[in-house]
Amino acid sequence: MINLVLFGPPGAGKGTQAFKLKEQFNLIHISTGDLLRSEIKMETKLGLEAKVIMAAGKLVSDEVVIGMIMNLMSENKDANGFIFDGFPRTTIQAEALDKMLATFKTKISLMLSLEVEDEELIRRLLLRGKDSGRPDDQDQQIIGARIKEYNDKTAPLIEYYQTQEKYRSIKGIGAIEDIFLQLVSAIDKLK
Ligand code: ADP
């Protein structure tokens with residue numbers, strides 16, 4: 001199995017690259033943000049709770065997102081591998097993911113981190129907000145809160161994966177195809 005963590009701040013391009021990588025390597029793409037938005041759309045209890053937290057740019061509870069990942073993985077036991085996009089976002093989530101993968105007798109192959117500076121992130125997110133209708137992409141204060149959550153709670157995961165020698169940093173600025181080729185080349189080196 002190839003199991004990838006696609007990492008980086010909000011607006012780094014994780015979703016765009018995850019879509020291309022999933023096609024290239026025949027993997028299952030799991031985006032916790034997409035899963036949460038679909039719960040909101042279906043107006044489930046979980047969705048109603050998550051909506052308020054997401055609108056404030058805060059992280060949804062570890063318990064909730066870990067539960068969602070667990071469900072999806074058990075529905076895809078025969079998968080070639082997974083791309084985790086927007087997960088893990090805290091150390092507790094990263095440890096839970098390692099445990100879940102161990103029950104599948106597999107592990108994370110690589111953590112690919114897309115590096116983009118804050119100014120460019122804010123520009124991209126505001127632009128995306130114009131089309132996507134995502135409320136958390138339309139307000140500079142909420143975007144600021146999301147970047148702060150990333151720096152405080154998520155960025156420390158770089159060290160978590162560095163210690164396991166799985167961290168690869170890739171510049172997330174430039175043509176989508178060029179960034180994709182760099183990601184592919186990092187994954188190909190695994191073989
Ligand atoms: P982005 O990476 O652009 O912030 P996402 O779609 O990944 O967009 O996430 C949107 C929001 O969903 C986050 O701001 C957060 O509130 C919630 N969320 C997504 N994934 C997680 C997670 N793994 N843990 C906690 N909250 C999450």
Side-chain angles (χ1 to χ4, degrees), residues 3-19 21-22 28-42 44-73 82-101 108 111-158 160-161 170 172-173 176 179:
N3 299 300
L4 307 170
V5 171
L6 205 51
F7 193 81
K14 300 184 293 288
T16 307
Q17 296 296 340
F19 185 81
L21 289 169
K22 144 192 126 160
I28 306 241
H29 173 206
I30 303 185
S31 155
T32 39
D34 287 350
L35 291 172
L36 289 166
R37 279 184 291 275
S38 121
E39 296 282 339
I40 292 177
K41 213 168 158 194
M42 294 188 294
T44 62
K45 182 165 172 283
L46 192 161
L48 294 174
E49 283 166 16
K51 188 176 179 175
V52 185
I53 301 168
M54 288 164 77
K58 298 283 185 188
L59 291 185
V60 173
S61 82
D62 288 330
E63 203 189 338
V64 163
V65 289
I66 290 167
M68 290 193 316
I69 296 275
M70 227 186 275
N71 287 341
L72 252 170
M73 285 179 59
F82 297 95
I83 303 180
F84 299 97
D85 161 7
F87 180 90
R89 263 174 150 103
T90 63
T91 307
I92 289 177
Q93 292 178 20
E95 288 168 354
L97 179 59
D98 282 349
K99 283 198 191 122
M100 283 187 265
L101 289 168
I108 290 298
M111 186 256 224
L112 298 159
S113 177
L114 292 169
E115 311 291 339
V116 177
E117 59 267 25
D118 288 0
E119 211 174 294
E120 172 67 8
L121 296 174
I122 296 165
R123 195 188 69 79
R124 287 185 188 179
L125 291 171
L126 288 171
L127 198 69
R128 182 169 79 183
K130 283 186 189 164
D131 298 325
S132 70
R134 268 179 66 169
D136 59 342
D137 282 347
Q138 292 176 29
D139 180 309
Q140 202 141 353
Q141 240 174 340
I142 299 171
I143 292 175
R146 285 157 67 199
I147 296 177
K148 185 171 185 316
E149 284 282 81
Y150 173 81
N151 288 327
D152 291 350
K153 298 179 182 160
T154 309
L157 289 181
I158 291 177
Y160 181 89
Y161 288 101
I170 279 140
I173 296 208
I176 289 173
I179 299 166

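Read the numbers this way: they start at 1 and go in the same order the structure lists the ligands and their atoms.
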*Asks:* Can you tell me the protein heavy atom closest to atom 7 (O) of ligand 1 and the distance?
*Replies:*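 Going by distance alone, atom 7 (O) of ligand 1 is nearest to R89 NH1, 3.1 Å.
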*Asks:* Have a look at ligand 1 and work out which part of R134, if any, has a heavy atom under 4.0 Å from it: side chain, backbone, both or neither.
*Replies:*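 Near ligand 1, R134 shows its side chain, while the N, CA, C and O stay back.
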*Asks:* Looking only at distance, does V60 have an N or O less than 3.5 Å from an N or O of ligand 1?
*Replies:*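 Yes.
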*Asks:* Side chain, backbone, both or neither: which part of M54 has a heavy atom under 4.0 Å from ligand 1?
*Replies:*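 Both backbone and side chain.
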*Asks:* For Q93, which part has a heavy atom under 4.0 Å from ligand 1: side chain, backbone, both, or neither?
*Replies:* side chain
*Asks:* Between E49 and K45, is there a side-chain N and carboxylate O pair less than 4.0 Å apart?
*Replies:*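 So E49 pairs with K45 through a salt bridge.
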*Asks:* Using a 4.0 Å heavy-atom cut-off, say whether L36 meets ligand 1 through its side chain, its backbone, both or neither.
*Replies:* side chain
*Asks:* Answer yes when K99 and E95 have at least one side-chain N-carboxylate O distance shorter than 4.0 Å, and no when they do not.
*Replies:*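 So K99 does not pair with E95 through a salt bridge.
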*Asks:* Using atom types as modelled and distance alone, determine if a side-chain donor or acceptor of E115 lies under 3.5 Å from a backbone N or O of I170.
*Replies:* no
*Asks:* Just which atoms of ligand 1 are under 4.0 Å from any heavy atom in K58?
*Replies:*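 By the 4.0 Å cutoff, the relevant atoms are 15 (C), 16 (O).
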*Asks:* Any side-chain donor paired with an acceptor under 3.5 Å for Y160 and D98?
*Replies:*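 There is such a pair (donor and acceptor under 3.5 Å, judged by atom type) between the side chains of Y160 and D98.
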*Asks:* Mark yes when over 12 heavy atoms from residues, nucleotides or ligands other than I92 sit less than 6.0 Å from its CD1; otherwise mark no.
*Replies:*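 Check fails, neighbour count at 12 or below.
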*Asks:* Of all the heavy atoms in E149, does at least one lie under 4.0 Å from an atom in ligand 1?
*Replies:*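 Checking ligand 1 against E149, which is what was asked, there is no heavy-atom contact under 4.0 Å.
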*Asks:* Does any N/O atom on T32 come nearer than 3.5 Å to any N/O atom on ligand 1?
*Replies:* yes
*Asks:* Between A18 and H29, what is the shortest heavy-atom contact and its length?
*Replies:* CB-NE2, 3.4 Å
*Asks:* Any nitrogen or oxygen of D136 lying under 3.5 Å from a nitrogen or oxygen in ligand 1? Just yes or no.
*Replies:* no
*Asks:* Pair F7, Y150 - check side-chain contact (heavy atoms from CB on, under 4.5 Å), show working.
*Replies:* CA-CA 10 Å; F7 193 81; Y150 173 81; 3.2 Å; yes
*Asks:* Relative to the heavy atoms of R37, which atoms of ligand 1 are at a distance of less than 4.0 Å?
*Replies:* 6 (O), 10 (C)
*Asks:* Checking contacts here: is it the side chain or the backbone of V65 that comes within 4.0 Å of ligand 1, counting heavy atoms only? Could be both or neither.
*Replies:*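 Answer for V65: side chain.
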*Asks:* Does any N or O of ligand 1 fall below 3.5 Å from an N or O anywhere on R128, backbone included?
*Replies:* yes
*Asks:* Geometry only, no angles: is D85 polar-contacting ligand 1 at N/O separations under 3.5 Å?
*Replies:*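 The answer is no, given that D85 and ligand 1 share no N or O pair closer than 3.5 Å.
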*Asks:* As an exercise, identify every atom of ligand 1 less than 4.0 angstrom from a heavy atom of K14.
*Replies:*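 Answer for ligand 1: 2 (O).
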*Asks:* Taking the side chain as everything from C-beta on, heavy atoms only, tell me whether I66 gets closer than 4.5 Å to M100.
*Replies:*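 SC-SC contact between I66 and M100 confirmed.
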*Asks:* Determine whether a donor-acceptor pair (N or O, by modelled atom type, separation under 3.5 Å) exists between the side chain of Q140 and the backbone of I122.
*Replies:* no
*Asks:* For a salt bridge (charged side-chain N to carboxylate O under 4.0 Å, His left out) with D137, tell me which candidate from R146, R124, R37, R123 qualifies.
*Replies:*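 Passing option: R146.
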*Asks:* In this structure, does ligand 1 have an atom that sits under 4.0 Å from one of the heavy atoms of K51?
*Replies:*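 False for this residue.
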